**Student:** 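Handing you a structure now.
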Amino acid sequence: MSRVWFNFLVSCVAVAAFLTVSEAAIIRLNCEYFDGNCVLKNVYATEDDRFKEIRNEGYRDSIEFFDCHIHTLPPIPYIRSVKADAINLVRIEENTFSTINKLDVSYNRLREISATAFEYPTELSVLILNGNPTLKDFTFLNKLTGLTALYMTEMKLELELIDINTFANMDSLERLNMSDNRITSIPVGMFSPLTRLENLDLSRNSITKIAAGALAIVKSGPLVFDLSYNNISIIENNAFLSASRINLRQNRISGIGPYAFDNQTGLQSLVLGGNRQLKNFDFLHNLPSLHDLDMSNMNFSFEGLPRSMFDDLASLASLDLSYNQISEVPIGIFSELQSLNSINLRNNLIKHIEFGTFSMRKYDLIDEIDLSYNQITELNFLVFVPLKYLKTLLLHGNKLPYVNAKQLIRNKSLQNFGIQNSLVRCYDLVDLLGHLKLVLEQNEFISHLPNVDGIECVP
């Protein structure tokens, strides 16, 4: 006997319109094929209706419900992928699926998924539950130990109401997205069994604190946390154990424990942008592997801070201090950053750059400095000559009336220079044309005013 597969489809039974409320329709499912996949269109089924199974030799791996209104799914055996999003599903009953690898039931009205809905639950690899705010019982997840990706966004989730052992056996899970929910706290231990996790997204929630051990996951490979756009004020010591990147943008952080990220994390990227209340940076001394640090838009200045604040960041390559309140850059503040390639000081209040501001004690690897949109009115361009690897210097939007080309081109490594929105003299720019590429700011090419290569200037 040949192998039997289910093929469905979209066809409403015409006689259904004549049935009484107490009578149930038997709905035949017929596939329309697009790119080799089965698409079921315009299927309307109530709670009382039943589906007529149609068997054929199509061997289709994918089924998609399109423009349907179905109370519960028909039995779907031997199909690898099912897309049943936004079709008003209310429940998924027992024995609905057999061997299924990917299931998308997002943006429905799901209230129940049977714990026995999957005949072979370990076969399911990707589950998308986004946009089902009425789903509150997650017992069915306990058997889905083969999941590699689980999406649970926009579900009004509160972790306190979910069994702390829900993810205990998901040792294959690599991606978990629980963004855009109502999460206020993270139960300690809930995520610790996820030893293969690579990405945990808890952004756009209402989390107020990261307690010790809350995100302590033992893992040797890359692990990315997105905690942006929450209400986090405190991060306690040992909150994280393993992490390659942590995004904390737009929170209300006022305190971070000196060992919050544990010096065993190997943390490479840390985003703190938008945390305007954070004033203590002692935790930076315990991040020897940090490669990228974003401290933009933090109402930050160096006033009252020790010159050694960056001294232990031996691996730091990129430092973003843009959109702050920096009026003065202390000489020596960057001197121990032996791996630093890029410094972004755009949109601050800097008026003067002194000799030695960007000098490194051990190595000089800086290849880009952005000082755009500050308040610099006078500059000795010889300041940048000792930077033997500097390739890009951006000074857009300052108040410089001139550029001393002879001084600037003494730096033989410099290739790109930005001076747009700064009313410098046109002949200064002409002097630079044979030596440097004049970089436009955000593709703002000026053609209706005096300019050199599209950069406005004073004749």
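None of these values were measured; they are calculated from a predicted model.
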**Student:** Any sub-3.5 Å donor-acceptor pair from Asn142's side-chain atoms to Phe140's backbone N or O?
**Tutor:** no
**Student:** So Lys219 and Glu198, salt bridge (Lys or Arg N to Asp or Glu O under 4.0 Å) or not? Walk me through it.
**Tutor:** CA-CA 9 Å; Lys219 190 176 186 299; Glu198 296 179 0; 5.1 Å; no
**Student:** Assess, by modelled atom type and distance only, whether the side chains of Ser125 and Thr148 contain a donor and an acceptor separated by less than 3.5 Å.
**Tutor:**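 Looking only at side-chain atoms, Thr148 and Ser125 do form a donor-acceptor pair, the distance falling under 3.5 Å.
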**Student:** If we count only N and O atoms by modelled type, under 3.5 Å, do the side chains of Thr392 and Asn416 hold a donor and an acceptor together?
**Tutor:** yes
**Student:** Per the side chain to side chain donor-acceptor pair (under 3.5 Å) rule, which among Asn398, Asn347, Asn421 passes with Tyr373?
**Tutor:** Asn421
**Student:** Checking Thr184 against Glu160 for the side chain to side chain donor-acceptor pair (under 3.5 Å) test, could you report, in this order, the C-alpha distance in whole Å, the side-chain angles of both residues, the deciding distance, and whether it holds?
**Tutor:** CA-CA 9 Å; Thr184 58; Glu160 300 93 331; 2.9 Å; yes
**Student:** Atom OG in Ser322, atom CG in Leu371: separation rounded to 0.5 Å?
**Tutor:** 12.0 Å
**Student:** Checking Ser372 against Asp370: is there a side-chain donor and acceptor pair closer than 3.5 Å?
**Tutor:** yes
**Student:** Any chance you could measure Thr72, atom OG1, to Ile113, atom CD1, to the nearest 0.5 Å?
**Tutor:**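 The distance works out to 10.0 Å.
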**Student:** If you round to the nearest 0.5 Å, how far is CZ of Phe358 from CD1 of Ile369?
**Tutor:** 4.5 Å
**Student:** Do Phe300 and Phe281 have ring centroids that are under 6.0 Å from one another?
**Tutor:** yes
**Student:** For the atom pair CD (Glu154) and CZ (Arg182), what is the distance rounded to the nearest 0.5 Å?
**Tutor:** 12.0 Å
**Student:** Going by side-chain contact (heavy atoms from CB on, under 4.5 Å), Lys83 matches just one of Leu103, Asp104, Val39. Which one?
**Tutor:**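 Of the listed options, the one satisfying the test is Asp104.
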**Student:** Would the number of heavy atoms belonging to other residues, nucleotides or ligands and lying under 6.0 Å from CZ of Phe445 be above 12?
**Tutor:**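 Above 12, so yes.
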**Student:** Check whether more than 12 heavy atoms from other residues, nucleotides or ligands sit under 6.0 Å from atom NZ of Lys437, and answer yes or no.
**Tutor:**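 Incorrect, the count does not exceed 12.
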**Student:** Taking atom NZ as the centre, does Lys136 end up with more than 12 heavy-atom neighbours from other residues, nucleotides or ligands that are less than 6.0 angstrom away?
**Tutor:**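 Buried by this count: over 12 neighbours within 6.0 Å.
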**Student:** Going by an N to O cut-off under 4.0 Å, is there a salt bridge joining Arg111 and Glu47?
**Tutor:**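 Looking at Arg111 and Glu47, the cut-off is not met.
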**Student:** Would you say that more than 12 heavy atoms from the other residues, nucleotides or ligands in this model lie under 6.0 Å from the CZ of Arg252, or not?
**Tutor:**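 No - once you tally the heavy atoms of other residues, nucleotides and ligands closer than 6.0 Å, there are 12 at most.
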**Student:** Show your working on side chain to side chain donor-acceptor pair (under 3.5 Å) between Arg249 and Ser228 and close with a plain yes or no.
**Tutor:** CA-CA 5 Å; Arg249 185 181 299 280; Ser228 59; over 6 Å; no
**Student:** I need the single residue from Phe225, Phe191, Phe283, Tyr259 that forms a ring-ring contact (aromatic ring centres under 6.0 Å, His included) with Phe240. Which is it?
**Tutor:**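 Answer to the ring-ring contact (aromatic ring centres under 6.0 Å, His included) test with Phe240 among Phe225, Phe191, Phe283, Tyr259: Phe225.
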**Student:** Is the closest side-chain donor-acceptor distance between Glu119 and Ser98 under 3.5 Å?
**Tutor:**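 Note: Glu119 and Ser98 side chains meet the donor-acceptor criterion.
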